[in-house]
Amino acid sequence: MQINFIPIDYDYFDFQGRTYAKIVGRTGKDKQVCLIDSCDIYFWAILKPKITDKKIKQIQEKINKIKVKQASRESRVLKTELHNKNFLGKPVKAIKIFITNHKDAHAIADKLGMKEIDKRREYDLNFITKYILERKLKPLTWYNIEGEVLANSQKFNGIDNSINTDLVLEVDKIQESNTKKDFSPKILAYDIEVDELEIGKGEILMISLVGENLKKVLTWKKSSKKSYVETFEDEAEMLEAFIKYIKQYKPDILTGYFSDGFDLPYLKARAEKNHIKLNLGIDNSQPRFSRGKLLTGKISGIIHIDLLRFIRTVYSQYLKSETLSLDEVALELLGEKKEDFNAYEAIKSGNPNWEDFFKYNLQDSVLTHKLTEKLWPDLFEMVKIVEEPLFNVSRAGLSSLVESFILHNLEKYNEIAEKRPIHEEIGNRRKKRSVEGAFVLRPEPGLFENIAMFDFTSMHTSIMVSFNISKATLLEKKQKNSYESPELEFENKKKKFYFSKKQGFIPLLLKEIFDKRKRFKQEYKKDPNPITKARSNVFKLLSASVHGYQGFFGARYYSLEGAASVLAFVRKFNKEIIEQTKKAGFKPIYGDTDSVAVQLGKNTKKNAKEFLKKINSKLPGIMELDLEDFFKRGLWVTKRTGGFGAKKKYALIDEKNKIKIRGFETVRRDWCNLARQTQNQILKLILTTGNEKKALEYVKQIVKQIKNRKIPLHQLIIKTQLKKPISEYKSINPHVLIAKKMQEQGLPVNIGMLIEYYIAELETTKKRVLVRERAKLPTEPGKYDIKYYLNNQILPAVENIFQVFNINLKEIIEGKKQMSLGDF
DNA sequence: GAGCTCTTCTTACC
DNA sequence: ACTGGTAAGAAGAGCTC
C-alpha cells in the first residue's frame, strides 16, 4: 500500500530485543496513520592513525563477538564496517558498529577497550534523532510511504490492535514527496481549575476543551444553562468524559499553558486517585513524565505542547509583556483579555459564581487555542529547520536548537558527531572562569541632535565565519597562513588563538545561517506574513545563539578558546569603528558590543551612508556594518553614583517621532508605575521639544499630587520577582518579606511569581526603619509613604535627566530652593 | 545608632 | 543546568566608632 504521509509524533519501542520506531502522522486525506519502521542502529569507533589493515580486521572480528546482557535482553553486535569519515574536520578511519538495540549502545561502547581505538562516538545520540538522520523521515514534511498494512496481524505482538489510528503500516519505502501541500494540525487546547494548587492535593473542579468545532467545559460541581457546560456525577465521571472527548477529537496537538508543570500532572494524579487510567495515548498509554529541572509530559501519538515553554525560550524576546502569564501574552499577541475573574478568591470563598467560573475556564482554553494557532508558523518553521520533532522543539532551549541544527547537517561534511559532555566534564567546564566579554563605550551625558546609529549584522556569527572560529578549526599553535585572534586574557595569561584557514564545517554551517538570516529578513520585509516572519525569526534566533552555544558548558561543540576569540574580535572591531567614525568627522556618543551611536556633526546622512560603504569595503570576510537608523535626538544621563555617563541607558527619537527607550526605569518592571510613567512622559517631552521646560512642569505636578495623597494605590505597587525559595535568601529584601507574609496568610507563593507590595508610613519612634518594615501587601490598609515615593521612586527616576540641563530637582522637590542654574 | 563599604538581588542591554 | 558577558541600581548585611 502506498500513502501520502506527514510525520508528526515520533516514539520507539522494543520488540524481541530490537528497537523500532513508531511514527504517528496524517495522510493527505486526513487519516491518522501510525508507521512502524526500523533503521540501522550503530555507533562509531574512531581508530588511531596508522593502524594496519590487518590489525583493523582483527579488531573488527573482536568487536563482532561483543555481547551484552542487560536486564531482560541480550544485545549484540550485528556487523562492523570500515569507513573513511571526518571527525572535527580531520579525516579518520572509523569502524561502524551495528548493534541490535539502541539502549545498549553505551554498554557495548564501554566494552571497546582496544588501545587502537581512539574515540567512540554517537552512542549518546537519542534514538529519534538517529532515526530521522538514518531514514531521512523529517518531521512535518510530506512523504510517499510504501508499506504493508498491519491489520489483525501477529507482527510485533499484534501492535496494530492496540493502536487507535485509522491505519498501521510497516514501512518498506520512504520517498520525499514533491507536492507542496500545506498542513494545518488539529489543535485541541485544555485547561483545568482546581480547589487546591498543590499537584493532586485538591480536586479538579472543571476542565475546558477547545478545538476548531469544540467548546466544552466539563464539571461535576454544578449544572448550568450554558450549552457548552456538561455536568457529571463526580470527578471520576468528568475525567472519563475528558478522555472520551480527546479520543473522539483525535488531535495532533494537545496544548495547554503551563500544562507540563500543572494541568497534565494534576490530571494524572487525580485519575490515579479515582482509579481511572488516563489512557490518552494513541496506544492507550498514560502520559509519561520525565524529570529534568522541569517536568515534561509526553502522550504517545499526540503532541503535548506546553505553550508557555515555547514562548519562554523562543518567543519572549519579541514580546513586550512583563510577565509571560496567559493574560498578558494573549493581550499582546491577540488583543484579547482573560475573563475578569479571580479564581483563587472564588475557590476560597467556597461559594463561587459558577457561571462566571465556567466562562473563565473556557476562555483560558480559547486563548491557549488561539495562541497556539498564532504561533503555529513559528513552531512549524523551527521544526523544519532544526529537523527535530515538534514535541522536542517546543520545549528545547536555545543551545539544543543550535545543536540539533548542527547534528542534522553533519552528513554533508561526512562528519561523525562529537559526544555530549558527561557529568564530570560539565563540572570542569563550569568551574572555568568566564571569558572577557564585549566593550561598552561610556557615554558623555547630554541631549544630542542628529544622530546616526550603526550596528554590525549578526556580529558574533559573522566573526565566527570570517575567521573560521570553532572547536574543530582551533590550532594548537601558530601556523603559517592561519587566522589570528587579537591578544586576549585566558586563564590569567595573555594569549592569542589561531584558527586554520581550511574552512571548518561549523563556520560553513554558520554561514548558511547568516545568509539565510539576511535573505529571510529581506523576504519578510518584501512580503510580510506570518510564515516569512516566522522563518526570519528562526534564523535570527539561531544566528544570535551560536556564539553563546560555543561557550555553553553543555555543548557538544564547546570551545572556550573560540568564544574568547570571538569576543576579542568583537571588542577590537567595535573600538576600531568608533575610531573610524571620529576620523570621518562624526562624534561618537555611545557604543555597546556591536553598535555605535554618532552625532552627524558636519556630515550629512549621505556622508553617513558613504562612510558605511567605505567601511564595508574593508571589513574582513562576511562582516558588515549596517545603518540601524537616523535619530532626531538622543539623551544620555549620568550614573546615580559617580558623575559620569551611565551605560545601557538611553532614549532616542527617530524622524517619525518614534521613541526608543533602553535601560531607563521606564522599561524596568521592578519600579512602580508612577515612577515609570512619569519618567516616560518626561523623556517624551524632552525628546520632542528639545528642552526641559514642559517636563519640569510635569514633574512638579506629579510631586504635588504625591504630597497631596492624590495618587491611587495601583500606581504605587512595586513588583519584584521571587527567583528562589524564600529560605535560600541571604538578604531579606522587601519582596522576600512580603512573600513570607503571603505564605503565612495562606496565599499561593511560587518561584517565579511577581510579588506585589507598596511602601506605607509606619508609626514608630525609631529613627531608621528598613524599607521592608514598611512594605505592605496591596490588600493591607495603610497610607502610602510620601517621602519614600518622592525620594526613592520619582526622584531617582528623573533626577539625572534634569541634571543634563543643570537643574537640581532634589532642591525643587524639597522646596528648599525654587531657582537653580537652569533658571538663569 | 549613624555612617560607611560590601554583598546580594533583580532586571536591564546586546 | 539547559546560550554568553556587561551594567545599573536598590536595599540589606555587617562593620567601625
### Message
If you only use heavy atoms from C-beta on, which nucleotide in B:dT11, C:dA1, C:dA8 is closest to the side chain of A:Arg442?
### Response
C:dA8

### Query
Given atom NZ of A:Lys647 and atom C1' of C:dA7, what is their separation to the nearest angstrom?
8 Å

### Message
Regarding A:Val546, tell me which of base, sugar-phosphate or nothing describes its non-hydrogen contacts under 4.0 Å with the strands shown.
### Response
nothing

### Task
Return the value, rounded to whole Å, for the distance between atom CD1 of A:Ile463 and atom P of C:dG5.
16 Å

### Query
Base, sugar-phosphate alone, or nothing: which one does A:Ser545 contact when heavy atoms must sit under 4.0 Å apart?
nothing

### Summary
The residue, A:Phe439 or A:Phe552, whose nearest nucleotide of DNA chain C is more 5′ is A:Phe552

Show every donor-acceptor pair shorter than 3.5 Å between a side-chain atom in residues 792-800 of chain A and any protein atom, with sequence neighbours excluded, or say none if there are none.
{"from": "A:Gln793", "atom 1": "OE1", "to": "A:Cys672", "atom 2": "N", "distance (Å)": "3.1"}
{"from": "A:Glu799", "atom 1": "OE1", "to": "A:Arg640", "atom 2": "NH1", "distance (Å)": "2.7"}
{"from": "A:Asn800", "atom 1": "ND2", "to": "A:Thr638", "atom 2": "O", "distance (Å)": "3.2"}

### Message
If you compare every side-chain N and O of A:Ser399 against the phosphate oxygens of C:dT3 (OP1, OP2), does one of them come in below 4.0 Å?
### Response
yes

#### Entry: Base versus backbone protein contacts along nucleotides 9-17 of chain C [heavy-atom cut-off under 4.0 Å; B, S, -]
SSSSS----

### Query
Would you find a donor on one side and an acceptor on the other, under 3.5 Å apart, between the side chain of A:Glu122 and the backbone of A:Ala417?
yes

### Among B:dC9, B:dC13, B:dT11, the one nearest A:Thr720 by side-chain distance
B:dT11

### Task
Just call it for A:Gly551: base, sugar-phosphate, or nothing, with non-hydrogen atoms closer than 4.0 Å on any strand.
sugar-phosphate

### Task
Please work out if A:Tyr650 contacts a base, only the sugar-phosphate, or nothing of the nucleic acid, heavy-atom cut-off 4.0 Å.
sugar-phosphate

### Shortest side-chain distance from A:Tyr729, nucleotide among C:dA1, B:dT10, C:dT3
B:dT10

### Task
Just jot down the salt bridge (Lys or Arg N to Asp or Glu O under 4.0 Å) partners of A:Glu332, sequence neighbours excluded, or say none.
none

Only pairs under 3.5 Å count here: list side-chain donor-acceptor contacts from residues 568-577 of chain A, not counting sequence neighbours, and write none if there are none.
{"from": "A:Arg571", "atom 1": "NH1", "to": "A:Glu436", "atom 2": "O", "distance (Å)": "2.9"}
{"from": "A:Arg571", "atom 1": "NH1", "to": "A:Gly437", "atom 2": "O", "distance (Å)": "2.7"}
{"from": "A:Asn574", "atom 1": "ND2", "to": "A:Thr593", "atom 2": "O", "distance (Å)": "3.0"}

#### Entry: Length of the line joining A:Gln317:CD and B:dT11:P, which is rounded to integer Å
18 Å

### With sequence neighbours excluded, residues passing ring pair (Phe, Tyr, Trp, His ring centres under 6.0 Å) with A:Tyr318
A:Tyr315

### Query
Which one, B:dT11, B:dC13, C:dT6, comes nearest to the side chain of A:Asp592?
B:dC13

### Task
Grab the CZ-P distance between A:Arg429 and C:dA1 for me, whole Å please.
15 Å

### Task
May I have all residue pairs that pass salt bridge (charged side-chain N to carboxylate O under 4.0 Å, His left out) and include part of residues 390-407 of chain A, sequence neighbours excluded?
A:Asp260-A:Arg395, A:Glu403-A:Arg556

### Message
Between P on B:dA12 and CD on A:Gln679, what's the gap in Å once rounded to a whole number?
### Response
13 Å

### Task
May I ask you to say what A:Gln550 touches in the nucleic acid, namely base, sugar-phosphate or nothing, with a heavy-atom cut-off under 4.0 Å?
nothing

### Message
Under 4.0 Å, counting only non-hydrogen atoms across every strand here, what does A:Ser434 touch: a base, just sugar-phosphate, or nothing?
### Response
sugar-phosphate

#### Entry: NZ (A:Lys724) with more than 12 external heavy atoms under 6.0 Å
yes

### Query
Which nucleotide, C:dT6, B:dC9, C:dC2, lies nearest any side-chain atom of A:Lys724?
B:dC9

